[in-house]
Amino acid sequence: MPREGILIDTPYERMTKEQITQIHQTSIEILNNPGLVCFNREAAEIFHSNGAEVTSVSSSEHPCWLVKIPERLVLYALDSAPKTVKLGARNPDNSLIMNGEEPRVFFISGSETNIWLDVDFPIYAKKSDPNIEITVPEFHQRRGTVADLCQSAHVCEHLDTLDAYIRTVNIQDKDITEDNKDVNKFFASLNNTTKHFMSGLTSLKQLDNVVNMAKLIVGGEEELKENPIISFITCLVKSPLQFVDDTTQALIEICRRGLPLVVAPSPQAGTTAPIREDGIVAQMNAEALAGITLSQLVNRGTPVLYG
C-alpha cells in the first residue's frame with residue numbers, strides 16, 4: 001500500500017471561492033496581456049503552433065519572444081493534466097498517490113544546502129574548579145560532499161514521518177563536474193533511500209543517463225512509467241514572467257519522456273512580484289499555469305505538479 005500521508009478533515013481555507021475565482025481570472029488576463037517573455041525558441045514555436053500569439057522581441061545573440069497565451073490553451077492544459085499523480089518508489093509501500101481532489105498532506109525534505117556542519121562535543125573543565133565539566137557542541141563548516149548526501153538520504157530513509165526525499169546537500173567534491181553531478185546525486189540518493197526521489201537537473205545533457213539509471217533499477221522503460229521512482233523540479237519561469245532558456249528546454253525533454261515533474265515559480269514580493277499578497281499570488285499562479293500549459297502542449301497527459 002502507498003504511504004497515506006495526512007488527510008485533513010477540515011482544511012483551513014484562507015480565501016473564499018469568489019476570491020479564488022478573481023485570482024484565477026487575473027492570472028488568465030496576465031497570461032494574455034502582457035504575456036511572458038520566452039528565451040527558448042522551441043517553446044515559442046510550440047506555443048505559436050498551438051495558436052498563441054508569439055512576436056519576436058529581439059533577434060540578437062540572445063533572441064526572445066513575447067508569448068501571449070489564450071485562455072483556451074490554459075483550459076486545455078488543465079483538462080489534459082492528470083488529476084492524480086503517482087510518485088513511485090523503490091519500495092512500492094513508499095509510493096505517493098497525489099489526488100488533486102483530496103486535501104492530503106505529504107512531508108518531503110529539502111532543499112540543497114551548500115554548507116555542511118560537522119559537530120564535535122568536547123568536554124571543558126571549569127578553571128576555578130576542574131571537577132566541574134561541561135560538554136559544549138562545536139560546529140565546523142565545510143562544503144557538502146557525495147558522502148554527506150548519502151548519509152542524509154540514509155537518515156531520511158529511517159524517518160517514519162518523511163514521505164519522500166528531495167536532495168538536501170549540494171555535492172561539491174573536487175572530482176564532481178557538471179558532466180557527472182547529476183548521475184552522482186541521483187545514484188547517491190536512490191542507493192540510500194527506498195522512498196521517492198525528486199531533484200532538479202544540473203545539465204540537460206545528463207537527463208538520459210539519469211533516466212536510464214532509473215530504468216535499470218526498476219526493470220525497464222514501461223516499469224519506470226508504471227513506477228516513476230524519480231521526478232524532476234523545473235524552475236522554468238523566472239519571475240517576473242520569463243521563460244528561461246535552459247530550464248524550459250529541460251521541461252520539454254522531461255515531458256517527452258513522460259516522467260513526473262514540478263513546475264516551480266519563485267517570485268519575491270516587492271521585487272520580482274507585487275508586494276501585496278493577492279498580486280503575488282495572481283502572478284505566481286499565472287507563471288505556474290504557463291508551465292503546466294507548456295507541459296501539456298508538449299505531451300498531453302504528462303504528470304505535472306503545481307509547485
Side-chain angles (χ1 to χ4, degrees), residues 3 87-91 94 96 106-122 135-214 216-217 228-239 244-247 249-251 253-254 259-268 305 307:
R3 297 181 71 91
L87 300 182
R90 285 176 51 211
N91 178 355
N94 283 329
L96 307 183
F106 296 99
F107 292 92
I108 302 177
S109 62
S111 181
E112 192 174 43
T113 182
N114 288 313
I115 301 299
W116 181 273
L117 292 179
D118 286 322
V119 60
D120 293 321
F121 295 91
T135 301
V136 179
E138 290 185 351
F139 298 94
H140 309 280
Q141 295 186 7
R142 60 176 174 80
R143 294 288 183 178
T145 66
V146 174
D148 297 328
L149 180 60
C150 291
Q151 183 178 352
S152 173
H154 190 70
V155 169
C156 290
E157 168 72 7
H158 295 281
L159 296 177
D160 291 338
T161 56
L162 193 76
D163 295 302
Y165 184 59
I166 293 179
R167 78 281 180 273
T168 50
V169 181
N170 180 20
I171 54 176
Q172 300 163 85
D173 308 69
K174 291 182 179 180
D175 55 350
I176 292 295
T177 67
E178 185 174 296
D179 291 331
N180 66 21
K181 189 171 188 176
D182 288 315
V183 291
N184 274 279
K185 69 184 178 186
F186 273 82
F187 178 78
S189 300
L190 289 168
N191 197 40
N192 284 277
T193 181
T194 63
K195 297 176 182 178
H196 181 81
F197 178 58
M198 178 185 292
S199 179
L201 281 172
T202 301
S203 172
L204 180 57
K205 293 183 294 183
Q206 295 303 310
L207 174 61
D208 282 330
N209 285 335
V210 168
V211 173
N212 288 334
M213 179 193 304
L216 288 172
I217 292 172
I229 61 174
I230 58 174
S231 60
F232 298 89
I233 303 169
T234 55
C235 301
L236 76 161
V237 178
K238 180 178 73 172
S239 300
V244 181
D245 187 17
D246 56 348
T247 46
Q249 194 64 45
L251 176 136
E253 297 302 330
I254 293 165
L259 292 171
L261 70 150
V262 178
V263 172
S266 52
Q268 291 184 326
L305 298 176

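Counting begins at 1 with the first residue of the sequence.
With Lys181 as the partner, the side chain to side chain donor-acceptor pair (under 3.5 Å) test is satisfied by one option alone out of Asp173, Thr202, Asn170: Asn170. Between Asp118 and the choices Arg142, His140, Gln141, the side chain to side chain donor-acceptor pair (under 3.5 Å) rule is met once, by Arg142.
When the shell of 6.0 Å around CD of Glu138 is examined, it contains more than 12 heavy atoms from other residues, nucleotides or ligands. Summarising the local packing, CZ of Phe106 is surrounded by more than 12 heavy atoms from other residues, nucleotides or ligands at distances under 6.0 Å. Shown here is Lys238, whose NZ atom has no more than 12 heavy atoms of other residues, nucleotides or ligands within 6.0 Å.
When side chains are defined from C-beta on, Pro260 does not count as touching Leu305, because their heavy atoms never get closer than 4.5 Å. For the pair Glu157 and Asn192, the minimum side-chain heavy-atom distance is 4.5 Å or more. Side-chain contact between Phe197 and Arg167 is present, with at least one heavy-atom pair separated by less than 4.5 Å. Thr193 has its side chain out of reach of His154: every pair of non-hydrogen atoms, C-beta onward, lies at least 4.5 Å apart.
Taking CG from Leu261 and OG1 from Thr234, the interatomic distance works out to 4.5 Å, rounded to the nearest 0.5 Å. Here CG of Asp246 is found 12.0 Å from CG of Leu251. Values are rounded to the nearest 0.5 Å. One finds the CG atom of Leu190 at 10.5 Å from the OH atom of Tyr165 (value rounded to the nearest 0.5 Å). Annotation: the span from Ile229 atom CD1 to Asn94 atom CG amounts to 12.0 Å, rounded to 0.5 Å. One distance of note links CD1 of Ile176 with CD1 of Ile171; it measures 4.0 Å at 0.5 Å rounding.
Side-chain atoms of Thr113 never come within 3.5 Å of backbone atoms of Val169 as a donor-acceptor pair (strictly under, hydrogens ignored). Between the His196 side chain and the Pro228 main chain, a donor and an acceptor come within less than 3.5 Å of each other.
Closest approach of Ala250 and Leu204 over heavy atoms only: CA-CD1, 3.8 Å. Annotation for Lys205 and Asp179: closest pair NZ-OD1, 3.7 Å, computed over non-hydrogen atoms. Among all heavy-atom pairs drawn from Arg143 and Asp148, the shortest one is O-OD2, 4.1 Å. Among all heavy-atom pairs drawn from Asn180 and Asp175, the shortest one is ND2-O, 3.0 Å. Here the shortest heavy-atom pairing between Met198 and Ser231 reads CE-OG, 3.3 Å. Considering all non-hydrogen atoms of both residues, Ile230 and Ala214 come closest at CD1-CB, 3.7 Å.
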task: For side chain to side chain contact (heavy atoms under 4.5 Å, CB included), just list the numbers for Lys185 and Ser199, CA-CA rounded to whole Å, side-chain angles, deciding distance to a tenth of an Å, and then say yes or no.
output: CA-CA 9 Å; Lys185 69 184 178 186; Ser199 179; 3.5 Å; yes
Criterion side chain to side chain contact (heavy atoms under 4.5 Å, CB included) on Phe107 and Thr161, from CA distance to verdict: CA-CA 7 Å; Phe107 292 92; Thr161 56; 5.8 Å; no
task: For the pair Ser203 and Asp182, evaluate side chain to side chain contact (heavy atoms under 4.5 Å, CB included) and give the outcome as yes or no after the intermediate values.
output: CA-CA 7 Å; Ser203 172; Asp182 288 315; 4.0 Å; yes
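The aromatic rings of Phe232 and Phe186 are tilted relative to each other, their planes meeting at an angle between 30° and 60°.
Residues Ser109 and Thr168 bring no donor and acceptor atom of their side chains to less than 3.5 Å of each other.
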